[in-house]
Number of protein chains: 2
Amino acid sequence: MKIIDKILKREEEGAPYWSFEYFPPKTQQGLVNLYDRIGRMYNLGPLFIDVTWRWGGKSSDLTLEICSMGQSVYGLETNMHMTCTNTSFDLIKNALAEAKENGIQNILALRGDLPRGVNEEDATDAQFRYAVDLVKYTRREYGDFFCISVAGYPEGCASPDDVEKDILYLKEKVDAGADLVITQLFYDVDLYLDWVARCRKAGISVPILPGIMPIQNYNGFKRMTELCKIRVPQEVWDSLEDIKEDDQAVKNYGIELAVKMIRELRDSGVNGFHFYTLNLERSTQMILEKMNFIPKVDEIRPLPWAQPISDKRARENVRPIFWRNQTRNYIARTANWDEFPNGRWGDSRSPAYGELVHGVQIRFSTENALKIWGEPASLKDVQDLFISYCRGQLSSLPWSDTPLLPESDSIRDQLAQLNAAGYLTINSQPSANSVPSKDPVHGWGPPNGFVYKKAYLEFFISPELLEHVLARIRNHPTITYLVVNKKGELQSNFDTESPNAVTWGVFPGKEIIQPTIVESISFLAWKDEAFDFWSAWSKVYQPDSPSHKLLNDLGEKWYLMNIVENNYLEPDSKLHDLLLDISKSAGFRKPTAELNGFS
Amino acid sequence: MKIIDKILKREEEGAPYWSFEYFPPKTQQGLVNLYDRIGRMYNLGPLFIDVTWRWGGKSSDLTLEICSMGQSVYGLETNMHMTCTNTSFDLIKNALAEAKENGIQNILALRGDLPRGVNEEDATDAQFRYAVDLVKYTRREYGDFFCISVAGYPEGCASPDDVEKDILYLKEKVDAGADLVITQLFYDVDLYLDWVARCRKAGISVPILPGIMPIQNYNGFKRMTELCKIRVPQEVWDSLEDIKEDDQAVKNYGIELAVKMIRELRDSGVNGFHFYTLNLERSTQMILEKMNFIPKVDEIRPLPWAQPISDKRARENVRPIFWRNQTRNYIARTANWDEFPNGRWGDSRSPAYGELVHGVQIRFSTENALKIWGEPASLKDVQDLFISYCRGQLSSLPWSDTPLLPESDSIRDQLAQLNAAGYLTINSQPSANSVPSKDPVHGWGPPNGFVYKKAYLEFFISPELLEHVLARIRNHPTITYLVVNKKGELQSNFDTESPNAVTWGVFPGKEIIQPTIVESISFLAWKDEAFDFWSAWSKVYQPDSPSHKLLNDLGEKWYLMNIVENNYLEPDSKLHDLLLDISKSAGFRKPTAELNGFS
């Protein structure tokens with residue numbers, strides 16, 4: 001979708017909206033962190049995100065990758081920056097083609113910086129000397145396909161003296177087909193409003209989004225504003241003077257200042273705000289909270305998972321639960337599907353899961369992994385890691401890149417107990433019975449609806465404990481299960497090919513939407529990954545180390561089990577208590593050092 | 001499905017089962033009544049029904065028609081009788097072909113009676129002299145397609161002297177491929193059990209279903225048992241002697257006797273019972289109740305509507321609500337669909353409704369219609385008819401062949417009030433919120449599930465009252481509506497092409513099943529029928545009569561409206577009270593003689 005359409009709708013409603021700008025990080029770990037951040041900041045309800053551009057081999061690939069991930073995994077409309085000076089025609093041509101292929105429909109056309117010592121006139125491809133050339137080329141080659149935004153410079157591009165000339169350039173870019181303007185950052189609201197008025201007078205009528213960069217630290221701010229010749233009101237300098245050594249105080253002031261600026265802009269009728277996040281989260285979040293810019297549940301969560309923004313997956317609205325904590329793998333393994341389940345899994349499924357090219361991966365370097373998970377040498381050590389994760393003291397496990405969701409707050413303790421009792425949980429959901437769709441924790445979908453969840457648990461379990469569990473639940477009237485070992489031997493007590501809906505919503509004037517399901521084909525595809533994580537984790541340790549052997553052994557010998565309590569009217573504790581009771585009567589004890597928990 | 005498979009399953013479980021035999025009635029009105037009866041008796045949970053056969057033009061067509069209707073409209077596995085003597089090869093060939101084409105997979109192969117004065121040897125087609133010939137032919141031509149049942153004669157086919165010979169014939173029929181035996185009626189249990197033992201000894205190992213015919217009146221019983229040479233224990237004659245003039249007492253005795261016989265048979269290990277209903281309902285129902293033969297909700301109601309038994313429609317599980325009281329028309333208008341909605345209406349719908357060849361029809365003759373509905377001369381008279389229907393004092397209206405369902409008992413009074421307030425209701429549903437699926441009134445589907453309903457109403461409404469209603473509900477957050485006039489001008493307040501699920505069920509290990517929906521394409525197809533009923537009704541009266549004009553006027557001027565309250569957690573009274581309030585504040589008064597209810 002084009003962001004201009006979303007913007008025009010908000011402008012028509014006079015409703016506030018906001019967007020976040022990120023840049024491609026330099027390290028693999030930085031990228032992992034950025035993805036986590038983008039995932040979390042999704043919940044702040046940005047209308048779109050921007051990703052900046054750097055030419056040259058891996059860098060521009062990375063921009064493209066982050067943009068596609070934004071669209072597919074995080075369900076965010078993405079605006080891809082592109083610079084055009086000092087590069088080749090072929091590179092630009094390819095970049096636009098790749099963007100289109102990846103479902104990216106928004107670009108920010110920029111001239112880009114010239115390498116030190118290179119004059120405009122000497123820049124490589126004369127066809128693309130200015131941003132306007134890129135706008136023209138894109139419109140000519142792609143017609144209306146892309147929404148094109150361009151940069152505006154309230155204080156001149158190179159110098160304040162250029163403002164008038166730059167407005168003429170901006171007018172040229174808009175006339176060439178740009179749909180909207182995103183401005184350089186500024187700290188002087190009056191100056192900005194005056195500049196907008198001059199733009200309007202010059203005949204620029206497209207939406208103009210002010211760029212907001214919360215101050216993060218004194219030195220950076222000083223260097224940047226001097227370098228870019230950004231006017232900063234004296235009162236800002238005065239306020240910073242006393243606190244400039246205190247980073248936290250500076251950040252807090254930055255938040256206050258941004259809130260004050262946004263208030264003034266709102267009072268002057270401005271609705272949209274573009275945040276230069278510097279890949280940071282807190283300031284932006286605080287500003288939105290202080291402004292009371294609260295996204296509506298139905299807008300940020302039309303479904304309980306982030307719906308990809310691409311024509312191809314646009315109608316996808318059912319997913320198996322198994323990749324809930326590994327969405328990127330799910331997207332990758334289903335990328336070649338011709339159609340996606342819409343409304344039901346049944347006939348329209350394309351159950352041929354693709355392979356993961358690089359297998360499953362531990363997100364941390366060996367060094368970091370050792371720091372976070374230590375060197376588990378016994379089942380107890382492993383259980384303790386799982387317990388810490390459930391209690392929120394550990395932010396990730398190999399199976400879960402991110403901490404437990406807030407929806408699980410109510411079952412944290414119970415999950416910890418289950419892990420202590422020998423069920424190594426890797427995925428779970430508490431039940432929900434007719435919770436209003438606007439509920440901030442469980443809610444999703446259109447207003448005035450009700451959402452439901454069946455409680456489920458997924459865990460690794462020893463063969464010994466499994467036997468006891470099966471004896472108790474095999475003929476249970478409301479519990480359904482799937483269990484499989486590494487070899488792929490599946491056991492179950494229901495028709496596993498027909499999906500079991502575990503999340504659904506009922507809304508006015510709509511079919512029942514059932515966005516998450518359990519069924520066997522997906523479980524069997526997922527189990528390869530789930531077991532591989534044991535082996536990937538073990539590789540953090542030396543081949544002959546106790547940790548290596550332990551983790552490998554768990555992966556070889558234990559079973560992967562999924563249990564659903566189909567009676568969602570009962571409290572979650574019923575299922576948990578049953579499992580705890582089975583473990584207790586089976587004689588499972590929290591082990592000390594040995595692998596097997598039976599004594 | 002073959003009934004033998006259902007029977008073997010029950011036999012394996014040792015669970016009781018029963019089947020009903022009907023015969024094709026001689027009059028159109030009789031046929032209408034039989035269909036109603038079959039529809040009601042569906043809820044008694046017969047494992048299958050039998051329809052007897054009469055050759056000759058319309059009669060055999062009628063058997064075929066009732067069988068297909070049983071399969072398609074009433075969702076009952078049907079066993080079609082076929083006789084073969086004294087008929088032509090072509091007729092038999094065609095009848096079997098037609099049966100197969102209509103999805104009928106069970107036949108009862110009979111010799112049939114010879115016309116008076118015709119000897120076996122003189123019967124027309126020598127190829128089909130005995131039932132065994134038909135069994136052989138069917139197996140040869142159709143392989144395993146049909147389940148073939150044959151008749152057994154515990155007291156001999158023609159005379160008690162023939163019993164041994166008849167067992168040999170029966171053995172021949174079984175050896176030729178018959179899957180089960182259904183016996184002639186009898187009243188001497190010992191005699192029957194002895195006969196079964198002899199059959200078993202003779203090597204007949206297929207299931208044998210005893211035929212049970214409850215005594216309905218003395219003279220008929222006497223004539224029939226004499227004619228068919230059926231042994232009746234003396235104690236039965238003794239018991240009947242004193243009450244033979246009292247038909248009701250004879251019927252009651254017939255019930256007691258059947259219950260006694262079935263008890264004895266159960267004690268001897270008999271599980272299945274075939275009832276000769278004589279197209280009557282009460283005795284069979286009473287016997288089943290007294291025997292505590294209660295069908296399981298999930299077996300008689302896998303869905304809230306009777307699911308057609310045919311391969312073609314086997315996976316159909318979603319229907320629009322509009323034909324709820326006109327299922328035959330829905331089946332007829334969708335008969336040519338290539339695929340049926342399965343799980344959702346959306347993409348797999350084939351929204352091209354066929355035409356009704358004969359248009360809509362009033363089920364009664366003019367004479368009967370006049371008797372039932374009188375000659376309404378004012379809107380008040382029409383309202384009074386609708387009110388009587390809601391109160392259960394009138395068993396049908398043109399739009400509804402059958403009385404209100406028990407599920408509507410809770411809203412009868414409210415519906416009557418709505419009709420008094422100017423809403424002429426023709427379809428409605430009370431809400432249901434997480435009602436257990438085994439609930440005898442609202443329940444359907446597999447055990448341990450929960451079913452839900454959104455309350456809806458469908459009614460005719462005057463243009464004046466409609467305006468007031470729309471003013472109040474157009475922007476209501478939880479009410480969705482469709483309204484249309486005869487010309488087809490549709491108004492609505494939701495995305496009418498996407499279906500609104502108004503009944504759904506949640507079951508262990510399954511997707512959410514949503515068997516009834518509201519959407520506009522079906523509503524527009526249905527509205528033609530709905531409006532045509534006014535005109536069909538008006539034709540009961542002379543063209544220049546006040547009733548004719550009144551009913552035609554209502555059909556021409558009023559609107560058809562469907563309203564759904566999407567908040568199924570609220571009591572139904574909320575929607576009803578709102579509508580009553582609108583009518584009251586709009587100044588609608590129950591009119592006396594004029595058409596328009598506003599004074």
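Just so you know, these numbers come straight off a predicted model, no measurement behind them. Chain letters run A, B, ... following the sequence lines, proteins first, then strands; residues in each count from 1. As a basis for the values below, the full set of heavy atoms in this structure was taken, side chains included, without hydrogen atoms, waters or symmetry mates.
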task: For each of T480(A), N433(A), N500(A), T478(A), tally heavy-atom pairs with chain B at distances under 4.5 Å, and name the one with the top tally.
output: N500(A)
Can you tell me if [X] has over 12 outside heavy atoms packed within less than 6.0 Å of its [atom1]?
| X | atom1 | answer |
| --- | --- | --- |
| K6(A) | NZ | yes |
| E11(B) | CD | yes |
| E12(A) | CD | no |
| E570(A) | CD | yes |

task: Mind listing the closest non-hydrogen atom pair of P477(B) and P508(A) along with its distance?
output: O-CG, 4.0 Å
task: Would you name the heavy atoms of S498(A) and G509(B) that are closest together and state the gap between them?
output: OG-O, 3.8 Å
Mind checking the [atom1]-[atom2] spacing from [X] to [Y]? Nearest 0.5 Å is all I need.
| X | Y | atom1 | atom2 | result |
| --- | --- | --- | --- | --- |
| K510(B) | D495(A) | NZ | CG | 6.0 Å |
| N566(A) | F450(B) | CG | CZ | 10.0 Å |
| S434(A) | Y452(B) | OG | OH | 7.0 Å |
| I479(B) | N448(A) | CD1 | CG | 11.5 Å |

message: Heavy-atom cut-off 4.5 Å, strictly under: side chain, backbone, both or neither for L569(A) against chain B?
response: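 Looking at L569(A), just its side chain touches chain B.
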